[in-house]
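Here is the naming used below: chain letters follow the sequence lines, and residue numbers restart at 1 for every chain. Just so it is clear, the structure is predicted and the values come from calculations on it, not from any experiment.
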Number of protein chains: 2
Amino acid sequence: MLRAAVTLADEVGIDALSMRSLAQRIGVVPMALYKHVANKEELLDGMVDVIVGDIDLPTPGADWKAAVRERVLAARASLLRHPWAARVIESRTSASPVVLDHMEALVAAFRAGGFSVDLTHHAMHALGTRMWGFTQEVFPTPAQPADADARAAMLGRFAARYPSIVEMASTTGGCDDQFEFEFAIDLLLDGFERLHQQGWTSAERS
Amino acid sequence: MLRAAVTLADEVGIDALSMRSLAQRIGVVPMALYKHVANKEELLDGMVDVIVGDIDLPTPGADWKAAVRERVLAARASLLRHPWAARVIESRTSASPVVLDHMEALVAAFRAGGFSVDLTHHAMHALGTRMWGFTQEVFPTPAQPADADARAAMLGRFAARYPSIVEMASTTGGCDDQFEFEFAIDLLLDGFERLHQQGWTSAERS
DNA sequence: AACCGTAGGTGTACAGTGTACACGTGTCAA
DNA sequence: TTGACACGTGTACACTGTACACCTACGGTT
């Protein structure tokens with residue numbers, strides 16, 4: 001049933017996934033679903049578990065940095081298979097055992113790398129949603145008018161009001177999500193490494 | 001009307017904010033709202049604009065790092081006034097002018113600090129949702145049974161399965177959101193600074 | 001062999017949601 | 001006086017999640 005929900009959401013989108021549509025897909029009456037989940041939230045929890053459970057386990061034995069990096073990128077790969085997954089994960093309010101397994105593994109990787117509990121804690125916070133392999137889109141692409149003249153005029157007004165954004169958008173081509181994501185975790189991981197090497201403690205905060 | 005929606009959401013929560021409840025609060029029939037917004041999404045867009053428009057402008061003239069930091073923390077302060085704001089912002093699909101103003105200011109700050117367009121671009125991506133002053137909660141607090149014995153037993157099982165997490169949770173006290181947030185942006189900003197100083201380009205990526 | 005608990009599926013019903021559409025009503029410019 | 005326009009109204013519809021009572025089949029105990 002959870003698998004069915006996941007594939008249905010893949011096909012029709014998460015908004016079109018209702019208890020009724022899922023029931024119909026399974027060939028069962030809507031209320032039958034409630035023998036398996038208490039409510040829709042629990043269904044979504046289960047769907048997240050399916051995806052998180054699909055995260056490929058990283059090769060053991062690597063140093064902490066590679067281990068964390070690999071695991072986070074594996075999570076990303078799993079999430080990217082389902083466009084709706086990020087939004088659903090963000091909306092969860094509690095962590096299931098499957099989710100906790102993922103976090104436990106990350107925390108353990110830092111600890112195995114000799115990180116203090118303190119630094120590990122803050123490092124996890126700093127990773128934020130990136131530990132799930134996604135970050136919110138920073139620049140949503142605005143809707144463009146179809147008419148070419150209108151589009152040019154709009155771009156002109158846009159450039160007048162947001163010169164820095166336009167400069168950036170026109171200089172760099174379309175952005176490579178994967179590159180941006182790796183840029184960010186690497187920046188964070190390098191920062192963690194530096195703090196770790198210099199024996200950073202949260203007490204001695206500037 | 002947008003202000004009314006914001007204060008109503010503050011009072012009753014974002015889930016209880018329906019077109020009907022908002023209309024009733026204003027003392028008008030539900031469909032009257034549709035003379036001002038095309039649909040509920042546009043209402044939410046407007047509510048975000050109200051909040052983003054409330055961001056205190058940072059003192060001009062500071063160096064890029066202070067400027068970015070101040071602006072992001074100001075955004076955070078504005079967001080924190082409305083518990084539902086983060087979730088709503090995350091769910092937006094396009095950026096309004098008010099939102100673009102905020103981003104433009106951040107991009108401009110990097111550029112004024114001598115950052116290349118390239119590095120600025122990646123820096124913005126790396127900031128991610130933090131440019132809005134929030135990061136998703138990393139560790140949701142699990143529900144605890146009321147009975148003391150049951151709670152102890154549960155903690156035991158929990159510690160057996162998630163030793164690293166429990167170690168972390170018991171060593172560090174409850175976590176200070178603000179501290180974690182500042183830890184993360186500072187880590188990122190320091191990373192940006194380092195890359196900037198060494199003339200980093202995305203071409204020469206390792 | 002009779003029994004019963006339990007897991008699962010069914011049917012109906014209800015309150016609540018967003019919003020389409022047709023219809024007022026007032027105000028202000030031509 | 002007229003007519004455009006901004007704004008409010010009322011009704012109606014399709015859809016949502018889910019409470020509640022009911023049915024059915026199977027596995028183990030007596």
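- Taking the six-membered ring for Trp, A:Trp132 and A:His102 have ring centres closer than 6.0 Å.
- In this structure, OH of A:Tyr34 is placed 21 Å from P of D:dC22, rounded to the nearest angstrom.
- Atom-to-atom, CD of B:Glu42 to C1' of C:dT19 comes out at 14 Å; the value is rounded to the nearest Å.
- In this structure, A:Lys35 reaches the bases: a heavy-atom distance under 4.0 Å links it to at least one base atom across the strands shown.
- For A:Asp10 and A:Trp84, the side-chain atoms include at least one donor-acceptor pair closer than 3.5 Å.
- Of the candidates C:dG18, D:dT9, D:dT18, C:dG18 carries the atom nearest the B:Met19 side chain, counting heavy atoms from C-beta on.
- At a threshold of 4.0 Å, the pair B:Arg69-B:Asp63 does not count as salt-bridged, since none of the basic side-chain nitrogens sits closer than that to a carboxylate oxygen.
- Applying the 4.0 Å criterion to OP1 and OP2 of C:dG9, one finds that A:His36 has a side-chain N or O inside that range.
- With hydrogens and angles disregarded, a donor-acceptor distance shorter than 3.5 Å links the side chain of A:Ser78 to the backbone of A:Ile51.
- Each of A:Asp15 and A:Ala38 was matched to the nucleotide of DNA chain D holding its nearest heavy atom; the match closer to the 5' end belongs to A:Asp15.
- Atom NZ of A:Lys40 is separated from atom P of C:dT17 by 16 Å (rounded to the nearest Å).
- Shortest non-hydrogen contact noted between A:Arg71 and A:Ile55 is O-CG2, 4.4 Å.
- With rounding to whole Å, A:Arg20 atom CZ is found 14 Å from D:dA14 atom P.
- Atoms CD1 (A:Ile14) and C1' (D:dT16) sit 15 Å apart, rounded to a whole Å.
- Taking atom CD1 of residue A:Ile26 and atom P of nucleotide C:dG9, one finds them 9 Å apart after rounding to whole Å.
- Between the CE atom of B:Met31 and the P atom of C:dT19 there is a distance of 9 Å, given to the nearest Å.
- In this structure, the nucleotide among C:dG9, D:dT16, D:dG10 sitting nearest to the side chain of A:Ala32 is C:dG9.
- In this structure, B:Val28 reaches the sugar-phosphate backbone alone: every heavy-atom distance under 4.0 Å involves primed, P, OP1 or OP2 atoms, never a base.
- Atom CD of B:Glu41 is separated from atom C1' of C:dT19 by 13 Å (rounded to the nearest Å).
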